[in-house]
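Okay, so here's the structure we're looking at.
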Amino acid sequence: MNASQTQHFFVSAQELADRFNGRVDGDGSVSVRRYMSLQSAQGGDASFLSHARYQAQLKGTRASLVVVPDAQLARSQGLACTLIVTDDPYLFFAKSASWLLQRAGPPQPQASVIHSSAYVDSTARIGDGVRISAQSVIEAGVTLEEGVQIGPGCAIGAGSRIGRGSRLDARVTLYSGCILGERVLVQSGAVLGSEGFGFLPLSDQSWIKIPQSGGLQVGNDVEIGANTTIDRGTLDPTVIEDGVKLDNLIHIAHNVRVGRHTAIAACVGIAGSAKIGAHCQIGGAAGILGHLEIPDFTIIGPMTLVMSSIEHAGKYVGVYPMQEQRDWEKSAVLVRRLSQFRKQLKQTDGQDS
Amino acid sequence: MNASQTQHFFVSAQELADRFNGRVDGDGSVSVRRYMSLQSAQGGDASFLSHARYQAQLKGTRASLVVVPDAQLARSQGLACTLIVTDDPYLFFAKSASWLLQRAGPPQPQASVIHSSAYVDSTARIGDGVRISAQSVIEAGVTLEEGVQIGPGCAIGAGSRIGRGSRLDARVTLYSGCILGERVLVQSGAVLGSEGFGFLPLSDQSWIKIPQSGGLQVGNDVEIGANTTIDRGTLDPTVIEDGVKLDNLIHIAHNVRVGRHTAIAACVGIAGSAKIGAHCQIGGAAGILGHLEIPDFTIIGPMTLVMSSIEHAGKYVGVYPMQEQRDWEKSAVLVRRLSQFRKQLKQTDGQDS
Amino acid sequence: MNASQTQHFFVSAQELADRFNGRVDGDGSVSVRRYMSLQSAQGGDASFLSHARYQAQLKGTRASLVVVPDAQLARSQGLACTLIVTDDPYLFFAKSASWLLQRAGPPQPQASVIHSSAYVDSTARIGDGVRISAQSVIEAGVTLEEGVQIGPGCAIGAGSRIGRGSRLDARVTLYSGCILGERVLVQSGAVLGSEGFGFLPLSDQSWIKIPQSGGLQVGNDVEIGANTTIDRGTLDPTVIEDGVKLDNLIHIAHNVRVGRHTAIAACVGIAGSAKIGAHCQIGGAAGILGHLEIPDFTIIGPMTLVMSSIEHAGKYVGVYPMQEQRDWEKSAVLVRRLSQFRKQLKQTDGQDS
């Protein structure tokens with residue numbers, strides 16, 4: 001439960017500029033404690049201009065420091081406070097705000113801190129600086145490397161391993177026999193390593209379960225959103241490579257592989273054994289059927305269903321365009337009748353198209 | 001875990017009619033303890049007729065009391081039990097059944113009751129009549145106002161505040177620095193205030209996280225369904241206004257605003273910074289892209305993707321019509337070829353359309 | 001947290017063949033401890049060939065035992081290890097691997113085992129061989145039949161009943177007044193028996209809640225995936241019949257009935273009061289609107305919205321076909337203009353179609 005548990009430490013504009021490659025315009029000794037939006041900032045706050053098109057928001061901000069792409073533009077809007085000038089204010093913000101938040105947070109413990117209400121099996125291996133919060137459960141043979149933070153109410157299954165510097169927020173489940181890399185962030189409610197959906201039909205039309213004993217391997221620098229679920233593999237592990245970013249409420253089925261630095265928006269479902277390349281971007285609520293391959297650098301639109309493997313990287317979309325209901329009713333009827341419609345056209349045309 | 005923990009207290013038909021504006025037809029001294037459906041009701045149960053089209057269900061019910069829109073209609077179906085006559089039996093049911101359930105539940109404690117297995121930080125402020133269930137975690141600086149009920153296994157992050165009379169069911173996460181209003185109901189597994197999905201691409205095609213330190217503000221009389229997730233804002237808070245109703249498994253991204261009394265069905269995803277008006281109704285599994293605006297009183301159909309801002313309130317739908325698979329295969333091929341198809345038409349027609 | 005907590009016990013090829021109706025080809029005394037994929041298997045591992053089209057994977061496997069449909073085919077790929085020959089290697093694998101995993105797991109306790117950090121109300125009835133893991137909460141009047149396993153961090157509401165041999169993984173919520181059958185498996189994060197989404201609009205455009213006091217009845221041999229939610233009924237219970245299989249992140253609303261042995265893939269949403277027949281298969285992310293009926297043996301494609309009742313069993317699909325974005329933009333514009341397009345065709349054609 002890290003966010004916002006902030007005590008505030010002030011830092012000067014000059015120090016920020018020096019650390020993150022900006023140039024001060026104005027009084028570099030001005031000090032700030034945190035970033036706020038241009039509208040909400042007060043004295044002691046920093047802010048930034050993400051795009052020139054929002055420059056009207058510069059007027060009337062009460063921020064003590066604003067990061068901008070162009071001092072002249074800012075001054076022309078009447079901005080009198082200290083500026084930091086940099087090519088990419090958004091990137092400057094991202095880096096410096098992370099640093100500020102980390103600096104303001106509680107100091108990292110040297111020894112490990114285990115809350116008295118947590119249950120930690122005696123065979124678990126707990127590294128230096130590990131924090132285990134209240135009501136968590138760490139089962140037999142778990143390894144938590146240096147600096148791992150386990151939020152309240154987590155359940156870490158037998159024999160799993162979490163790499164150094166990773167952070168699990170409140171109420172995360174990691175099933176047994178799973179491996180998380182270093183600096184992984186798992187948000188609250190995520191379930192990692194559950195059993196995949198594998199059944200065979202029997203002759204009486206009931207189902208027999210295919211046992212799911214493969215594990216889950218998550219690489220370094222992966223982020224996993226709230227209430228997202230990732231199933232373990234059937235025999236070999238499900239694999240999430242380094243740098244993958246997963247939003248909330250995503251389903252990743254057994255035996256899937258997601259390539260490094262691929263980003264997947266919320267509510268996406270990926271069926272079993274699909275292989276997603278590296279550096280892909282999957283839009284929200286998209287679906288990917290099982291056993292498909294998607295090449296590196298592919299972009300899938302939101303709410304689009306990928307029904308077969310994709311040969312070439314590109315941008316792909318499949319969305320029924322929204323209309324007012326009465327118009328949709330007409331178009332939907334005609335979509336259903338397209339093949340009949342086409343026959344008519346052929347007759348009119350007198351030739352086969 | 002409130003529902004159904006009912007001891008039953010009986011109440012007379014006359015008292016129900018008096019309290020909720022109905023008129024008794026028959027013996028007003030008949031007593032009932034709860035509502036059941038017409039088919040399942042037994043002696044001592046009340047029931048109701050929601051629509052005249054279900055009147056055939058009146059036959060053979062064993063309910064002791066039935067709420068109906070029209071006594072004559074009910075008697076014509078041979079119903080001999082006590083009736084309550086009211087213009088809107090469904091509304092009468094909603095109000096009186098809630099009252100019955102509340103009356104049958106355990107009495108509200110005067111002092112606060114904290115389960116011995118819960119962990120409550122010594123700096124938390126706990127109002128009168130607060131109930132904190134087993135295995136919950138209340139972190140530093142949390143405020144729980146009068147009458148708040150925290151279910152088992154919840155995690156309430158540092159500095160958050162929950163308004164009077166709100167109820168969190170089992171295993172809810174509220175991240176730090178979030179504010180819930182009064183009489184808010186949060187169902188099990190919901191995650192409120194998680195970090196939004198914000199990343200910038202670096203030149204090596206990896207991602208840098210945009211820190212998410214804005215909070216979450218939820219108004220009064222809001223209901224949030226099971227396993228729904230709402231992300232905190234980046235700098236300013238994500239806002240859910242008074243009276244909003246959210247079903248299960250909904251995703252609401254950072255910086256979204258949902259206007260008051262808007263109702264959102266299950267499995268909907270709303271991307272970052274979208275502004276949804278008041279009194280809207282969003283159908284199940286619909287999607288709303290980021291940075292859009294939707295005006296008050298807009299209705300979005302189920303599984304419809306809103307890809308740009310909507311100018312005028314209305315009903316909007318975008319759904320590919322379902323067909324038998326062999327017919328769908330034909331129509332889907334032709335949808336893909338519509339622009340080619342159109343060219344043909346133009347040639348046939350001899351003019352540009 | 002069962003999967004993979006395996007100590008390994010070895011079993012001979014001959015014993016496996018005898019138990020599960022296979023025929024040994026080669027040295028039947030060879031012993032194996034577990035199944036692995038053909039690529040990952042090492043000495044001491046079994047593997048299997050699921051389809052003849054994967055026969056190239058037989059080359060170079062290091063498995064000690066491979067289950068195949070045809071010995072000659074396997075030997076022709078140069079496979080020298082022991083074989084088990086059977087008509088359906090996948091089914092042989094499913095049955096024998098489940099048996100191996102169960103055999104390798106911890107022995108079933110005779111007496112019940114309740115972790116010291118769990119909270120179990122004194123009025124709960126706990127059968128023989130029940131295991132209740134750390135940090136779980138068992139409320140008043142709960143019944144856990146013989147051999148039930150409750151994972152860490154679960155919350156079981158007052159008066160609920162779980163049938164013999166059922167297993168709840170970590171952090172499952174069962175609300176009060178719900179019934180689970182025998183041999184039910186509920187994966188982590190699932191929420192069962194939450195209150196349905198029922199509201200009536202008042203004249204001031206706000207909503208009044210319809211109380212949800214019906215329960216939930218889940219039959220025998222049901223499997224429920226991670227973070228899936230099933231709402232309780234309004235008056236009568238929501239019903240999940242015997243043998244139903246539900247994947248992750250599914251939403252099942254109040255008053256729904258799902259018929260026996262129906263299988264539902266991940267991310268599906270089923271709205272209130274829908275009746276799904278037996279032996280249906282619902283594809284991932286499909287949606288089913290409320291108050292519909294779907295007959296037995298119906299197959300619904302992925303991401304397909306069922307908007308009205310289905311009369312005849314069959315395969316139904318409704319998916320906008322994915323295209324490269326520039327092509328989609330053209331087709332989507334024309335879909336919207338289909339009715340105008342049709343008028344043109346009529347004019348060209350000189351007759352009403």
Side-chain angles (χ1 to χ4, degrees), chain B residues 1-6 34-37 39-40 90-91 94-95 97-98 101 115 117 133-135 151-153 169-171 187-189 223 225-227 243 245 247-249 261 263 265-267 279 284-285 302-303 319-325 328 332 335-336 338-339 342 345 348-349 353, chain C residues 117 119 135 137 139 153 155 157-159 171 173 175-177 189 191 193-195 197 199-200 205-213 215 227 229 231-232 235-236 249 251 253 267 269 271 287 289 301 304-307 314-321 323 327 330-331 334-335 341 344-345 348:
Chain B
M1 318 279 282
N2 266 22
S4 292
Q5 281 173 279
T6 48
R34 61 174 183 186
Y35 279 90
M36 290 297 283
S37 68
Q39 300 96 315
S40 305
Y90 205 11
L91 183 60
K95 291 179 174 173
S98 289
L101 282 170
H115 195 277
S117 67
S133 302
Q135 315 290 10
D169 288 347
R171 302 196 306 97
Q187 297 204 51
S188 181
E223 180 160 339
N227 282 349
K245 308 299 181 189
D247 201 351
N248 297 349
L249 288 170
H261 303 301
C267 305
H279 303 292
M303 217 182 271
V319 176
Y320 198 101
M322 187 181 83
Q323 300 177 277
E324 287 211 58
Q325 185 171 20
W328 170 79
V335 162
R336 268 185 167 144
L338 271 174
S339 65
R342 180 162 172 269
L345 181 63
T348 308
D349 199 23
S353 57
Chain C
S117 67
Y119 169 70
Q135 316 289 10
V137 178
E139 293 192 346
R171 302 196 306 98
T173 298
Y175 274 74
S176 59
V191 175
S194 39
E195 295 179 13
F197 196 65
F199 299 92
L200 283 174
Q205 314 269 3
S206 72
W207 301 97
I208 181 174
K209 185 178 176 80
I210 298 166
Q212 307 287 320
S213 62
N227 282 349
T229 64
D231 285 342
R232 64 194 312 113
L235 292 169
D236 294 320
L249 288 170
H251 164 69
C267 306
L289 295 191
T304 293
L305 184 63
V306 184
M307 302 182 82
K315 294 191 184 187
Y316 296 88
V317 183
V319 176
Y320 198 100
Q323 299 177 277
D327 297 326
K330 290 176 197 160
S331 71
L334 293 169
V335 162
F341 197 6
Q344 272 184 283
L345 181 64
T348 308

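Each chain gets a letter, A, B and so on, in the order its sequence line appears, and its residues count up from 1.
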Chain B contact via C:Tyr320 - side chain, backbone, both or neither, heavy atoms under 4.5 Å: both
B:Pro321 portion near chain C, given a 4.5 angstrom heavy-atom threshold: backbone
Donor-acceptor contact below 3.5 Å, side chain B:Trp328 vs main chain C:Tyr316: no
Part of B:Arg336 within contact of chain C (heavy atom distance under 4.5 Å): both
Min side-chain heavy-atom separation B:Asp169-C:Ser194 under 4.5 Å: no
Side-chain donor/acceptor of C:Gln135 to backbone N/O of B:Gln135, under 3.5 Å: no
Other residues, nucleotides, ligands: >12 heavy atoms within 6.0 Å of C:Lys209 NZ: yes
Closest non-hydrogen atom pair between B:His261 and C:Trp207, with its separation: O-NE1, 2.8 Å
Part of C:Lys330 lying under 4.5 Å from any heavy atom of chain B: side chain
Interface residue of largest heavy-atom contact number with chain C, from B:Ala332, B:Ser188, B:Cys267, under 4.5 Å: B:Ser188
Under 4.5 Å from a heavy atom of chain C, the part of B:Leu249 involved: side chain
Per-residue contact mode, C:Asn227 against chain B (heavy atom under 4.5 angstrom): both
Student check: side-chain heavy atoms of C:His251 and B:Asp247 closer than 4.5 Å: yes
B:Arg34 side chain reached by C:Ser213 side chain, heavy atoms, under 4.5 Å: no
Winner by heavy-atom pair count (cut-off under 4.5 Å) against chain C, out of B:Arg171, B:Lys245, B:Glu223: B:Arg171
Interface residue of largest heavy-atom contact number with chain C, from B:Leu338, B:Asn248, B:Leu91, under 4.5 Å: B:Asn248
Interface moiety of C:Leu200 toward chain B, non-hydrogen atoms closer than 4.5 Å: side chain
Where C:Phe197 and B:Ala263 come nearest, the two heavy atoms and their spacing: CZ-CB, 4.4 Å
Between B:Ser117, B:Gly153, B:Ser40, B:Gly243, the one whose heavy-atom pairs under 4.5 Å with chain C are most numerous: B:Ser40
Engaged part of B:Val319 at the chain C interface, taking heavy atoms whose separation is under 4.5 Å: side chain
Distance-only side-chain donor-acceptor flag, C:Ser176 / C:Glu139, under 3.5 Å: no
Contact origin within C:Ile208 toward chain B - heavy atom pairs under 4.5 Å: side chain
Which portion of B:Ala134 sits near chain C, non-hydrogen atoms under 4.5 angstrom: both
